[in-house]
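All chains are named by letter (A, B, ...) in the order of the sequence lines, taking the proteins before the strands, and each is independently numbered beginning at 1.
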Amino acid sequence: DGGITQSPKYLFRKEGQNVTLSCEQNLNHDAMYWYRQDPGQGLRLIYYSQIVNDFQKGDIAEGYSVSREKKESFPLTVTSAQKNPTAFYLCASHIRGTGELFFGEGSRLTVL
Amino acid sequence: QKEVEQNSGPLSVPEGAIASLNCTYSDRGSQSFFWYRQYSGKSPELIMFIYSNGDKEDGRFTAQLNKASQYVSLLIRDSQPSDSATYLCAVKRSGAGSYQLTFGKGTKLSVIP
């Protein structure tokens, strides 16, 4: 079955550590996205990529980095520069034409 | 920054009633509008999208769009306890080549048995 796989589902990090969240899709979608969701808040765009080897900052890119070396993969690194990294992170990919996003199951990061 | 506004709720309706969820947006050039449902602790899932002014029906769900008023709504008929979730309104940003969605903060719906 086609879909988006995010791992790990839950992650605990000590302050000052970098962590990388994995996102893999087998939907053959060109565009991929990372969103962050805080309790009671909507989704905020961190980074997006429309093609391999190209990505753009979203609204809250500071303290995050991404890569897009393969069409299927769009990992997100939460660096120690991110001041408040505890959140629910959602990876999504995009269907051209309709504009709708498909989401992975999410990764919940907690900084101790 | 372009914004999408929703009442945070909670909106409580009795089982079998009609739930009405509302959303306003600031980007007048927006062309595509989406409603997502998100259960607690889960990722959003698409319910409906709408592009044209008027109503679009899919089963118990009806999306309504009024571009002149920059307003989009979702009606859920015959509400069921399983409809209890947070509903996110999303708007595709205008601009050539833009595929980004801006999300509202969501309205929490509670359907009382």
Are [X] and [Y] linked, directly or through other ILVMFWY residues, by side chains that come within less than 4.5 angstrom of each other?
{"X": "B/Ile47", "Y": "A/Phe102", "value": "no"}
{"X": "B/Phe61", "Y": "B/Val111", "value": "yes"}
{"X": "B/Val4", "Y": "B/Leu109", "value": "yes"}
{"X": "B/Tyr51", "Y": "B/Phe103", "value": "yes"}
{"X": "B/Phe33", "Y": "B/Leu75", "value": "no"}

Which residues pass the ring-ring contact (aromatic ring centres under 6.0 Å, His included) test with A/Phe103, not counting sequence neighbours?
B/Tyr36
Other members of the hydrophobic cluster containing A/Ile46, with the 4.5 Å side-chain heavy-atom rule, please.
A/Leu11, A/Val19, A/Leu21, A/Met32, A/Trp34, A/Tyr47, A/Phe55, A/Ile60, A/Tyr64, A/Val66, A/Phe74, A/Leu76, A/Val78, A/Tyr89, A/Leu109
For the residue pair A/Phe88 and B/Gln38, what are the closest heavy atoms and their distance?
CE2-NE2, 4.1 Å
Please look at B/Leu101 and chain A and tell me whether the side chain, the backbone, both or neither of the residue comes under 4.5 angstrom of a heavy atom of that chain.
both
Restricting to side chain to side chain contact (heavy atoms under 4.5 Å, CB included), what partner residues turn up for B/Gln31, sequence neighbours left out?
B/Lys67
Within the supplied structure, the quantity of interest is the number of heavy atoms (other residues, nucleotides, ligands) at a distance under 6.0 Å from B/Asn7 CG; does it exceed 12?
no
Within a 6.0 Å radius of atom CD on B/Gln70, are there more than 12 heavy atoms belonging to other residues, nucleotides or ligands?
yes
So for [X], is it side chain, backbone, both, or neither that comes closer than 4.5 Å to the heavy atoms of chain B?
{"X": "A/Leu45", "result": "side chain"}
{"X": "A/Leu43", "result": "both"}
{"X": "A/Arg108", "result": "side chain"}
{"X": "A/Gln37", "result": "side chain"}

Between B/Leu46, B/Thr86, B/Leu88, the one whose heavy-atom pairs under 4.5 Å with chain A are most numerous
B/Leu46
For the pair B/Ser43 (side chain) and A/Gly104 (backbone), establish whether a donor and an acceptor sit closer than 3.5 Å, ignoring hydrogens and angles.
yes
Could you state the interatomic distance from OH (A/Tyr33) to CD (B/Gln100), rounded to the nearest 0.5 Å?
7.0 Å
Inter-residue atom distance A/Glu100.CD - B/Lys92.NZ, 0.5 Å rounding
13.0 Å
Listed by number, the residues in residues 8-21 of chain B that come under 4.5 Å of chain A (heavy atom to heavy atom) are none
